[in-house]
Amino acid sequence: MIASSSPIVRLGIRAASPPAVMVGVYLLFAGHNQPGGGFAAGLVFGAVVALRTVAGLQRPSRAHELMAIGILIIASVALLPIIWGDALLDQHVVSVDIPLLGKIKTGSALPFDLGVTAVVVGLLLAVLDGLGAPELAEEPATLRPRSLR
Amino acid sequence: MVLVLLGFHLAGVGMVLALGRRLGIRPLLALGGTAPAISAVWAVVQLIAGSSDRTSMVTWVGGLDLELRFKVDSLALLMTLLVSGIGALVFIYAIGYFNRDTTGGSRFSASLLGFSASMVGLVWADSVWTLFIFWELTSVTSFLLVGHKNQDPSVLAAARRALMITGAGGLILLAGLLVLAQQANTTIISELPAIGGTSGTIAAILVLVGAATKSAQVPFHVWLPGAMAAPTPVSAYLHSATMVKAGVLLLAVTGPAFANVEAFTTLGLAFGLTSMLWGAVGALRQGDAKLILAWGTISQLGLMVTLLALGTGKAVFAAISLLFAHALFKAALFLIVGEVDVRTGTRQIDQLGGLASSMPLSFAAAALAGLSMAGAPPLLGFTAKEAALESLATLDGVQQIVVSVGVGAGSVLTVAYTLRFVFGVFGPGPPTVVAPRRWLMTIPALTLASLGFVGYLVLGWVNDIVRPAAVELNAAADYSLLRWPGLTAPFGASLGILAVGTALGFGVIRRNVGTPEPKGARTADALLDGVLVAASRATGRIQHGSLPVYLTVMAATASLAALPFFTGLDTSGLVLANQPLEMVLAAAILVSATAGAFVGSRLGAALTLGAVGTGVSGLFVLYGAPDLALTQLLVETIVVVGFVIGLGHLAQQFPAASGGWRLTRLAVSVLGGLSVTAALAAAAANSVGQAPLADLKAGAVDEGGGNNIVNVILTDMRALDTLGEVVVLATVALGILALANVRPPEVPG
């Protein structure tokens, strides 16, 4: 739609997507000790998805499923400790020594963040679908505002 | 064990629903009746074993006393026996009542079993919250059952009326229970202390009104006759033996708490006596046998409410005895009406005749149950009525006169409508064609009716069931039902009532055989319709769908809410800037915002808003909040992209605004800006202590295993909040998708 006819924008977004996804993954994992976290990661992925939608590029399309998976992960992280007799949402920290990489410390906060990410991306997809963005991207010139072409 | 029994009920509901497609209505009813049967047998075993109280509970939120708390004491066992025992019989009866090929079997059977589960939960409940939850569940399942024949608009109206009245009563009850629990400082029903004072009066009135809606007391009784649109097994079970007793039960268990509250007695007597008289008069005006019984139920419930409102030992004992006897005879009479209806095709007493010879077993059952209802010996109803009359002897002054006259007149009318019912249905009249007997309908009715006689024979056993239940409520209620009271004043009164009632009854058997206009129900419906119409008008006025107006209203409301902060404003601590760079950012933000207010194109406005947000995130960076800045920046980015997409649907330029509307928006904007500024400045000037940074830091590393405090707070310390927020996000997303799929209605022309 708005940008799909401009080769510069298309190419730019295509080129920027992989690094942006890497930044998102970094934020997701770094979040526990550095600035970042599941919400920020979700927003970065969401931005990628939104830009790709604007440019009419391929992108994930399953808003419901992503949200369902996200909530399922979060609910499991919340409820599993109860089965082991701990409190709701009790945090488990695991640290592993891996050769080359050194000591890696993680915990149940990571899947929790992953769930948050999935829900945020799902929400953005839902908003994009709700705004009719994919249809706009496919529609011929008649629907497009003239100046935005 | 209590939880296991409830589990049986729920499993039964699940199985009935799962097998609903494959089985006919009769196997489904047999399946549904299993759980009540088990529960009834359990109650009998407990009664014989004479076991002590037992409490079971599942804690939900401990700090708020929110728990599912059950206690099976003597009163609960008595009620279980009635609810589950009559329930099992009603399931058997329903197998005979419905034809083999009746559809909707799984819905009916599951609702009936669901009701049974709700009702046993209600009688076992020992926390006011548990009681309330099951109370509401009985209203909902009752709605489903009353509205079972959902093709008929009058049935649906009756179901709605019942739900609205009992539902509204439920809300009033909730308010009453809140006040009661607050004042008594406990939510455990069996440990409620006697309360007093103004809040005691308020609680008593609210609880009484709640109970009156459920137990169909005048003027809330209008739903009960309409609820007779339900299939007769439902009427027998819900609207005579169990659900309508929930209000009586509630008054019984809360009665000790309200013992010192005068309003409880006064209002209770007002409800009870009016209902007893008006219900009995109503029964005499009906030509439909089932409606005679329904109005009779209102009257009998009125007597029970009267006795409980008196609250003396004898009165409580009489009320519990009457509850027991009434459940037996009234359920039996309803079952008989259902059989007459199925076998003759009518319930109008002027169209029935000669049934005494063509339906002899039913006639015998009706005679037994009817005599019990009228309070004639040698039946259980007689002993209960004696106990009630005897309890009046202990009163004094005006109260004794008023209550005695009311109860006496009510009892006379009761005898009269009993005669009208029995002779109207089974007496002489045009000979009626009768279909073959269905044993599954006859046996339960005969069983319940003869239990009234058996109970009289083994009165010691009945006493062993009733007395402990009454004593639990009032330690002074240590009385016995008497098989033969001797030549006492109450016995004389009983005989007098029977004599006058019989004379009156024979006079009105064949009078007023039509069905009078249900004026009360009309009024209630008109009231409900009025509420709905007013609600939809108000919604149309408030929710008119203009986004700018919504936003303006919201901004104005939020700004006004911030007004109190102006008083806390302390300008002495304010500085222009902590760092010079802030001023640069602030200037950029101001320029962008001003440009945003004046720019004519929508895209320009979106971009300037994005610039404002980016500037704010720069301020976050300056103050050392990288997480906040990162999130803000990302959100701004996505919002701008979203704007760009959304703007594809809209015109490029903002529409021109009229002068007044422009001024309004200007005023709201200025007010909003001022309020936010004042609120922030006031908050900064009035800090209420230091942030527990050291604790948070230590907690983050030790417990959360992370160095980013913000993230540890989100994923560990306050993870429950995050969980809630995520659910909100998902709900919003689903809402957006749903809204997006709504097509605007086509405008004709």
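Not measured: the values here are computed from a predicted model.
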Closest contact, heavy atoms only, A40(A) versus L634(B): O-CD1, 3.4 Å

Contact winner vs chain A - L734(B), I709(B), T637(B), N711(B), heavy-atom pairs under 4.5 Å: N711(B)

Reported CZ-to-CG distance for the pair F112(A) and L714(B), which is rounded to 0.5 angstrom: 8.5 Å

Atom pair CD (E636(B)) and CG (L43(A)), whose distance is rounded to the nearest 0.5 Å: 11.0 Å

OH/Y26(A): more than 12 non-hydrogen atoms of other groups inside 6.0 Å: no

Closest-packed option against chain B by number of heavy-atom pairs under 4.5 Å, given A30(A), A75(A), A47(A), A68(A): A47(A)

Residues from residues 621-633 of chain B approaching chain A under 4.5 Å (heavy atoms): P626(B), D627(B), L630(B), T631(B)

Stepwise side chain to side chain contact (heavy atoms under 4.5 Å, CB included) test for H64(A) and L737(B): CA-CA 9 Å; H64(A) 290 100; L737(B) 280 178; 3.4 Å; yes

Side chain, backbone, both or neither of L110(A) within contact of chain B (heavy atoms, under 4.5 Å): neither

Neighbour count >12 (heavy atoms, 6.0 Å) for atom CD, Q58(A): no

Option passing side-chain contact (heavy atoms from CB on, under 4.5 Å) with I638(B) (candidates L124(A), V127(A), V120(A), V49(A)): L124(A)

Contacting moiety of V726(B), where chain A heavy atoms sit under 4.5 Å: both

Crowding at CZ, F643(B) (>12 non-hydrogen neighbours, <6.0 Å): no

side-chain contact (heavy atoms from CB on, under 4.5 Å) partners for A698(B), two or more places apart: D702(B)

Contact summary for I736(B) and A126(A), nearest pair of heavy atoms: CG2-O, 4.0 Å

Euclidean distance, I71(A) CD1 relative to T731(B) OG1, rounded to 0.5 Å: 6.5 Å

Nearest heavy-atom neighbours spanning A730(B) and V119(A): N-CG1, 4.3 Å

